[in-house]
Amino acid sequence: MRLSQTFLPTLKETPSEAQVPSHRLLLRAGMIRQVTSGVYNWLPLGLKVLKKVENIVREEMNRAGAQEILMPMVQPAELWQETGRWDKMDAELCRIQDRHNRDFCLGPTHEEVVTDLYRNNIQSYKQLPVMLYQIQTKFRDEIRPRFGLMRGREFMMKDCYSFDVDRESALESYEKMRLAYHAIFSRLGLDFRQVVADTGAIGGNYSHEFHVLAQTGEDDLLFDPEGDYAVNVEKYNEAEAPKAKEELEQKKGIEVGHIFLLEDTYSKPMEANVVQQDGKPTPVTMGCYGIGVSRVVAAAIEQNHDDSGIVWPEPMAPFKVGIVAMKYKNDAVKEAADNLYQSLQAKGVEVLLDDRDASPGQKFNEMDLIGLPWQCVIGPKGVDNGVFEWKNRKTGEKIELKAGEYPAGFLDDQQAKVA
RNA sequence: CGGAAUGUAGCGCAGUCUGGUAGCGCACUAUGCUGGGGGCGUAGGGGUCGCAGGUUCAAAUCCUGUCAUUCCGACCA
């Protein structure tokens with residue numbers, strides 16, 4: 001993509017409403033803009049990152065055997081009345097009426113709708129297990145939206161639901177999802193922890209949270225530096241823990257995923273049954289598995305930034321490399337930059353070319369701000385000597401290479417893509 | 001919902017206390033220079049001062065109400 005033709009409104013100064021690094025940098029790097037409290041526009045650069053996360057989530061869900069569907073944002077009150085949540089939930093549930101004064105809500109989650117889908121279409125144990133997921137916009141009228149994408153009212157979520165004949169089988173589905181979550185957050189390049197969690201309002205009795213570690217996290221996590229034990233402080237129980245609180249390490253985390261074994265919490269009141277081998281119907285055993293996709297974007301920034309801007313983990317970066325063309329008006333520079341741009345594109349490398357007539361300082365600062373993993377500086381001096389300067393955004397290391405040469409490892413994952 | 005703060009140009013802010021008809025930096029437009037860390041000059045454009053009512057000869061400024069945004073708390077996948 002050519003920067004001169006890209007809608008990328010960067011900000012030199014920080015808007016006063018932004019208090020945390022991710023919010024500040026998402027705004028400054030021209031990735032999002034607020035529409036109203038807790039509701040945001042996604043601009044081209046931000047949307048590219050969101051899609052990267054979505055795609056990794058999608059691939060791992062599919063690999064785990066889940067099937068993608070898409071459910072509506074608008075849901076009828078009747079379904080919510082069946083589970084009692086229409087009355088149980090407070091103003092967080094955004095209620096609306098249609099022209100006939102029928103009650104609806106904007107979906108904050110989809111247990112009711114998916115359970116309804118299940119019961120109308122699946123009857124027998126022979127049809128199970130089934131795992132269905134979607135990546136879709138949710139709306140929760142949070143008491144206090146804050147910190148940009150960290151706690152928005154409208155946000156992007158991956159929600160998956162499993163249906164099994166019994167608890168034993170459901171635990172197998174749960175385990176598949178748990179492993180898929182590890183694969184997802186590992187692939188995204190994030191430092192994360194799985195912790196034993198509270199089940200909260202959703203119900204059920206088996207649950208794990210996935211947290212991205214960052215100083216600005218809202219949750220306190222305790223974990224055993226020498227073992228696997230990890231728990232949310234809220235859930236910590238001296239009796240169940242292998243070690244005393246003082247021996248555990250405490251860090252802040254941002255909750256980006258949560259998995260629950262629901263059992264029959266929803267299937268029972270909604271009469272979503274499965275006919276067993278003996279011919280008798282029993283409530284289907286369910287699980288639900290969420291990932292705050294848009295929150296992952298914010299969490300990644302909270303974990304990966306410096307004074308100059310964002311430092312994207314490569315799997316999430318909107319582009320792999322940015323070409324900083326110094327004095328693009330210079331014919332030799334233009335030719336060299338265009339050649340590199342085209343040859344990288346031909347190799348399947350996602351590349352952003354700064355072909356604007358802007359000062360060097362502006363180009364360098366903005367490139368650092370948007371945080372692409374690699375920068376390649378092409379200037380009159382370098383061109384005269386036949387070299388480009390490559391910079392690694394994360395380490396800051398710079399290396400001069402001839403045209404046609406790339407930093408070690410730069411194309412490693414690309415070969416596979418092209419082949 | 002309780003507590004607090006802030007609304008003046010796209011962004012960051014001054015001006016409000018002490019009323020006199022709106023200003024600075026960045027950004028933007030034109031143009032010239034510059035060219036390795038948000039560069040310099042010249043000439044420009046842009047604001048019902050959140051909104052409504054009130055006081056006054058006169059309101060960004062004082063009073064009342066209201067809306068919005070943000071922060072702390074409680075709540076929460």
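Naming: A, B, ... by sequence-line order, numbering from 1 per chain.
Nucleotides rG39(B) and rG25(B), compared at atom C1', are 16 Å apart to the nearest Å. Distance noted for atom P between rC33(B) and rU8(B): 39 Å (whole Å). Rounded to a whole angstrom, the distance from the P atom of rA4(B) to that of rA22(B) is 35 Å. For rC11(B) and rG54(B), the P atoms lie 31 Å apart once the distance is rounded to whole Å.
In this structure, rC51(B) and rG65(B) make a Watson-Crick or G-U wobble pair, each of the two defining distances being under 3.5 angstrom. Base pairing analysis places rC1(B) opposite rG73(B); the two distances defining the Watson-Crick or G-U wobble pair are each below 3.5 Å. Across all strands shown, rG10(B) forms a Watson-Crick or G-U wobble pair with rC26(B), both key distances being under 3.5 Å. Partner assigned to rC40(B) is rG32(B), using Watson-Crick or G-U wobble distances below 3.5 angstrom. Partner assigned to rU56(B) is none, using Watson-Crick or G-U wobble distances below 3.5 angstrom.
Distance, Phe260(A) CZ to rA77(B) P: 6 Å, rounded to whole Å. Counting to the nearest Å, the P atom of rA27(B) and the CZ atom of Arg356(A) are 12 Å from each other. Note: NZ (Lys327(A)) to C1' (rG37(B)) measures 17 Å, nearest angstrom. For the pair Leu369(A) CG and rG37(B) P, the computed distance is 18 Å after rounding to whole Å. The separation between His211(A) atom NE2 and rA77(B) atom P is 11 Å, rounded to whole Å. Rounding to whole angstrom units, NZ of residue Lys12(A) and P of rC13(B) are separated by 15 Å. Rounded to an integer number of Å, the gap from CG of Asp219(A) to P of rC76(B) is 12 Å. Atom pair Gln19(A):CD and rU69(B):C1' shows a separation of 11 Å (rounding to whole Å applied).
When the side-chain nitrogen and oxygen atoms of Ser37(A) are compared with OP1 and OP2 of rA68(B), none of them lie within a distance under 4.0 Å.
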Considering only nitrogen or oxygen atoms on both sides, find all protein atoms under 3.5 Å from nucleotides 73-75 of chain B and state each distance.
residue, atom, partner, partner atom, Å
rC75(B), N4, Arg146(A), NH2, 3.0

Table of protein N/O atoms under 3.5 Å from nucleotides 8-12 of chain B N/O atoms:
residue, atom, partner, partner atom, Å
rC11(B), O2, Glu13(A), OE1, 3.4
rG12(B), OP1, Ser16(A), N, 2.6
rG12(B), OP1, Ser16(A), OG, 3.2

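Under the 3.5 Å distance criterion, the side-chain polar atoms of Arg193(A) are left unmatched by any main-chain donor or acceptor of Val212(A).
Note on Ala358(A): a base of the nucleic acid sits closer than 4.0 angstrom, heavy atoms only. Residue Lys363(A) is classed as having no contact, given no heavy-atom separation below 4.0 Å to the nucleic acid. Within 4.0 Å (heavy atoms only), Asp141(A) reaches no atom of the nucleic acid at all. Using a 4.0 Å heavy-atom distance criterion, Arg28(A) is classed as a base contact. At a threshold of 4.0 angstrom between heavy atoms, the contacts of Gly379(A) include nucleobase atoms, whether or not backbone atoms are also involved. Looking at heavy-atom distances under 4.0 Å, Phe147(A) makes contact with sugar-phosphate atoms alone, never a base. Residue contacts shown for Val324(A) are absent, as no nucleic acid heavy atom lies under 4.0 Å away.
A donor and an acceptor atom sit less than 3.5 Å apart, one in the side chain of Glu389(A) and one in the base of rG36(B). A donor-acceptor contact under 3.5 angstrom links the side-chain atoms of Asp368(A) to the base of rG37(B).
Counted by atom type alone, Tyr133(A) and Asn62(A) present one or more donor-acceptor pairs between their side chains at under 3.5 Å. Looking at Asp338(A) and Tyr328(A), their side chains do bring a donor and an acceptor atom within 3.5 Å of each other. A side-chain donor-acceptor contact under 3.5 Å links His110(A) and Lys138(A).
Distance from the side chain of Lys398(A) is smallest to rG37(B) among rG39(B), rU69(B), rG37(B). Closest to the Met326(A) side chain, of the nucleotides rG35(B), rC76(B), rG36(B), is rG36(B). The nucleotide whose nearest atom lies closest to any side-chain atom of Gln34(A) is, among rG35(B), rC72(B), rU69(B), rU69(B).
Comparing Asn365(A) and Arg295(A) against RNA chain B, the residue whose closest nucleotide sits nearer the 5' end is Asn365(A). When each of Thr10(A) and Met156(A) is assigned the nucleotide of RNA chain B bearing its nearest heavy atom, the one mapping closer to the 5' terminus is Thr10(A).
Note that CG of Asp331(A) and CD of Glu335(A) are 8.5 Å apart. Values are rounded to the nearest 0.5 Å. With values rounded to the nearest 0.5 angstrom, Arg151(A) atom CZ is found 9.5 Å from Arg140(A) atom CZ.
Ring geometry for Phe185(A) versus Tyr181(A): interplanar angle over 60°, hence perpendicular rather than tilted (30 to 60°). Aromatic ring orientation, Trp374(A) versus Trp390(A): perpendicular (interplanar angle above 60°, classes split at 30° and 60°).
Using a cutoff of 4.0 Å between basic side-chain nitrogens and carboxylate oxygens, Lys329(A) and Asp357(A) are scored as salt-bridged. One finds a salt bridge joining Lys52(A) and Glu350(A) here, because a Lys/Arg side-chain nitrogen approaches an Asp/Glu carboxylate oxygen to under 4.0 Å. With respect to Lys252(A) and Glu302(A), no salt bridge is recorded, no charged nitrogen being found less than 4.0 Å from a carboxylate O.
With respect to Glu68(A), the side-chain hydrogen bond (donor to acceptor under 3.5 Å, both in side chains) criterion is satisfied by exactly one of Arg58(A), Lys158(A), Gln134(A): Arg58(A).
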